[in-house]
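All values below come from the heavy atoms of this structure, side chains included, with hydrogens, waters and symmetry mates left out. Small disclaimer: the values here were computed from a predicted structure and weren't measured.
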Amino acid sequence: MQAARLHEYTDDMTEGLQIDEVDRPHATGASDVIVEVEGAGWCQTDNHIIEGMWEEYVPQDLPMTLGHENAGTVVETGDDVEIVSEGDAVICHPVQTCGTCRPCRLGETMYCENDAFNGLTTDGGFADYLHTSERSVIPLPGGVDPVDIAPHADAGITAYHAAKKAVGELNPGDHAVVIGIGGLGHIGLQCLDAMSAARITAVDVKNAALDLADRYGADHLVNPTEADVPAEVESITDGTGAAQVLDFVGADQTTAYAPDVTAAGGDHHIIGYGGHIHEPAQALVNGEFSFVGNIVGRYAELQELVALVEQGDVDLHTSRYDLGDVNTVAEKLEHGEIDGRAVITP
């Protein structure tokens with residue numbers, strides 16, 4: 001089978017991955033599931049993996065097939081697999097967990113001590129077939145296209161995971177700010193709109209992204225190249241600030257908004273990354289706000305997100321590309337030329 005593989009770290013996205021001919025995976029374990037990949041979302045994290053940003057955090061044996069947002073059709077299962085059968089359409093949570101370590105027993109599967117992460121620590125779905133496990137697959141409702149839903153496997157549940165935490169702290173009449181209406185941000189905005197009664201302000205440097213935000217329920221739109229973001233938020237909230245800020249950019253400039261836009265006792269959620277947090281300790285003490293980190297959501301949260309999709313509450317803005325176009329997609333994303341989410345169709 002063909003697979004898009006990372007052979008060495010590079011900052012040059014035009015030649016980040018190489019299309020190789022590799023052996024097709026088979027179900028050798030009792031809980032194994034082999035999926036014929038129909039859609040695999042491209043993520044900014046894929047660019048960061050190519051750049052080597054994750055090397056110091058997780059072990060990576062190169063060459064490795066990337067792709068952690070996968071959906072498709074089951075073609076083979078291990079002897080003990082019961083929840084799916086050959087021919088079932090599924091979406092695949094990117095993490096394969098053991099189920100027996102303490103974090104798994106507590107339901108915190110993202111902290112599994114024995115996990116394998118497709119496209120990050122083990123081969124992913126930028127390929128014809130994907131090796132995963134029964135603990136990671138979710139059957140799709142009838143009528144849901146695996147290609148259209150694939151990015152929810154990471155982008156969706158990461159955005160949903162952050163939005164769910166924020167919603168728990170939002171009351172009717174509160175304000176929320178969503179920074180970056182890209183691949184994750186346009187999902188997070190919809191989740192906030194579907195799950196809370198908060199007023200939502202969308203912030204993005206691209207007017208096309210703000211148009212998308214307007215379409216998906218934002219009450220106010222701010223372009224930082226045309227207006228001062230803290231001043232706009234102060235005006236919109238009558239000086240109170242935003243009870244919850246979801247930062248899907250995570251650049252130095254956007255994390256620096258926190259003291260000026262976050263309400264007292266509020267949270268600035270870091271979902272996008274690549275920048276830094278440079279705030280005086282006194283700023284946090286004075287405003288008693290918090291920076292909150294967010295990683296991929298849990299398996300159960302992917303089930304909940306699929307339910308929102310089935311109900312029509314969350315839509316994905318996607319564009320499709322062939323497997324051979326992976327480096328083109330990486331380059332486009334590097335230059336901010338993709339609205340919504342790109343999906344590779346092997």
Are more than 12 heavy atoms, taken from residues, nucleotides or ligands other than [X], located less than 6.0 Å from that residue's [atom1] atom?
| X | atom1 | answer |
| --- | --- | --- |
| Gln282 | CD | no |
| Glu337 | CD | yes |
| Glu82 | CD | no |
| Tyr321 | OH | yes |
| Gln18 | CD | yes |

Within the 4.5 Å heavy-atom criterion, are [X] and [Y] side-chain neighbours or not?
| X | Y | answer |
| --- | --- | --- |
| Tyr111 | Leu106 | no |
| Tyr9 | Leu62 | yes |
| Val74 | Ile34 | no |
| Cys112 | Cys104 | yes |
| Phe117 | Gln96 | no |
| Asp123 | Arg5 | yes |
| Asn114 | Thr97 | no |
| Thr122 | Met64 | no |

Does one hydrophobic cluster hold both [X] and [Y], with members joined at side-chain heavy-atom distances below 4.5 Å?
| X | Y | result |
| --- | --- | --- |
| Leu316 | Leu189 | yes |
| Val177 | Phe248 | no |
| Tyr129 | Val84 | no |
| Ile200 | Val261 | no |
| Leu333 | Leu212 | yes |

Indicate whether any N or O donor in one side chain lies under 3.5 Å from an N or O acceptor in the other, for [X] and [Y].
| X | Y | answer |
| --- | --- | --- |
| Arg341 | Thr318 | no |
| Asp313 | Gln190 | no |
| Gln2 | Asp20 | no |
| Asp247 | Thr254 | yes |
| Thr345 | Glu38 | no |
| Asp238 | Thr240 | no |
| Asn223 | Asp204 | no |
| Asp32 | His131 | yes |

Hey, could you give me the [atom1]/[atom2] distance between [X] and [Y], rounded to the nearest 0.5 Å?
| X | Y | atom1 | atom2 | value |
| --- | --- | --- | --- | --- |
| Gln303 | Leu308 | CD | CG | 12.5 Å |
| Leu66 | Thr45 | CG | OG1 | 10.0 Å |
| Thr262 | Asp267 | OG1 | CG | 8.0 Å |
| Ile179 | His269 | CD1 | NE2 | 11.5 Å |
| Leu184 | Cys191 | CG | SG | 10.0 Å |
| Ile91 | Asp148 | CD1 | CG | 11.0 Å |

Electrostatic pair [X]:[Y] at N-O distance under 4.0 angstrom:
| X | Y | result |
| --- | --- | --- |
| Glu36 | Arg24 | no |
| Asp145 | Arg320 | yes |
| Arg215 | Asp315 | yes |
| Arg135 | Asp115 | no |
| Glu108 | Arg298 | yes |
| Lys206 | Asp211 | no |

* Give the C-alpha distance, both sets of side-chain angles, the deciding distance and a yes or no for side chain to side chain contact (heavy atoms under 4.5 Å, CB included) between Ser133 and Val33. => CA-CA 5 Å; Ser133 75; Val33 176; 5.8 Å; no
* Considering the options His335, Lys332, Glu331, which one meets the side chain to side chain contact (heavy atoms under 4.5 Å, CB included) requirement together with Met13? -> Glu331
* Asked: Which of these, Val233, Thr237, Asp219, sits in a side chain to side chain contact (heavy atoms under 4.5 Å, CB included) with His175?
  ->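 Single side chain to side chain contact (heavy atoms under 4.5 Å, CB included) partner of His175 among Val233, Thr237, Asp219: Thr237.
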* Look at the side chain of Asp228 and the backbone N and O of Ala231, then say whether any donor-acceptor pair between them is shorter than 3.5 Å. => yes
* **Ring centre gap for His152 and Tyr160 strictly below 6.0 Å** =>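 Between His152 and Tyr160, the centre distance exceeds or equals 6.0 Å.
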* Asked: What do you reckon, are the aromatic ring centroids of Trp42 and Phe126 less than 6.0 Å apart?
  -> yes
* To do: Evaluate the criterion side chain to side chain donor-acceptor pair (under 3.5 Å) for residue pair Asn327 and Glu15; output intermediate values, then yes/no.
  => CA-CA 6 Å; Asn327 292 331; Glu15 53 183 31; over 6 Å; no
Nearest non-hydrogen partners of [X] and [Y], listed with the distance:
| X | Y | answer |
| --- | --- | --- |
| Ile83 | Val137 | CD1-O, 3.6 Å |
| Pro146 | Gly72 | CB-N, 3.9 Å |
| Gly185 | Val178 | O-CG1, 4.0 Å |
| Val249 | Gly180 | CG2-CA, 3.7 Å |
| Ile181 | Ala202 | CD1-CB, 3.8 Å |
| Pro94 | Val296 | CG-CG1, 4.1 Å |

* To do: Check the pair Ile138 / Tyr299 against side chain to side chain contact (heavy atoms under 4.5 Å, CB included), numbers first and verdict last.
  => CA-CA 9 Å; Ile138 294 175; Tyr299 178 93; 3.4 Å; yes
* Asked: Do Ile149 and Val309 pass the side chain to side chain contact (heavy atoms under 4.5 Å, CB included) test, and can you show the C-alpha distance, the side-chain angles, and the key distance before you say yes or no?
  -> CA-CA 8 Å; Ile149 202 172; Val309 172; 4.3 Å; yes
* Please test His68 against Asp154 for side chain to side chain donor-acceptor pair (under 3.5 Å), starting from the C-alpha separation and ending with a verdict. => CA-CA 7 Å; His68 55 273; Asp154 175 49; 2.9 Å; yes
* Asked: What's the verdict on side chain to side chain contact (heavy atoms under 4.5 Å, CB included) for Leu170 and Leu192, showing C-alpha distance, side-chain angles and the deciding distance?
  -> CA-CA 10 Å; Leu170 286 170; Leu192 278 180; 3.9 Å; yes
* Asked: Angle class for the Tyr216/His186 ring planes (parallel below 30°, perpendicular above 60°, tilted otherwise)?
  ->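 Ring orientation of Tyr216 relative to His186: tilted.
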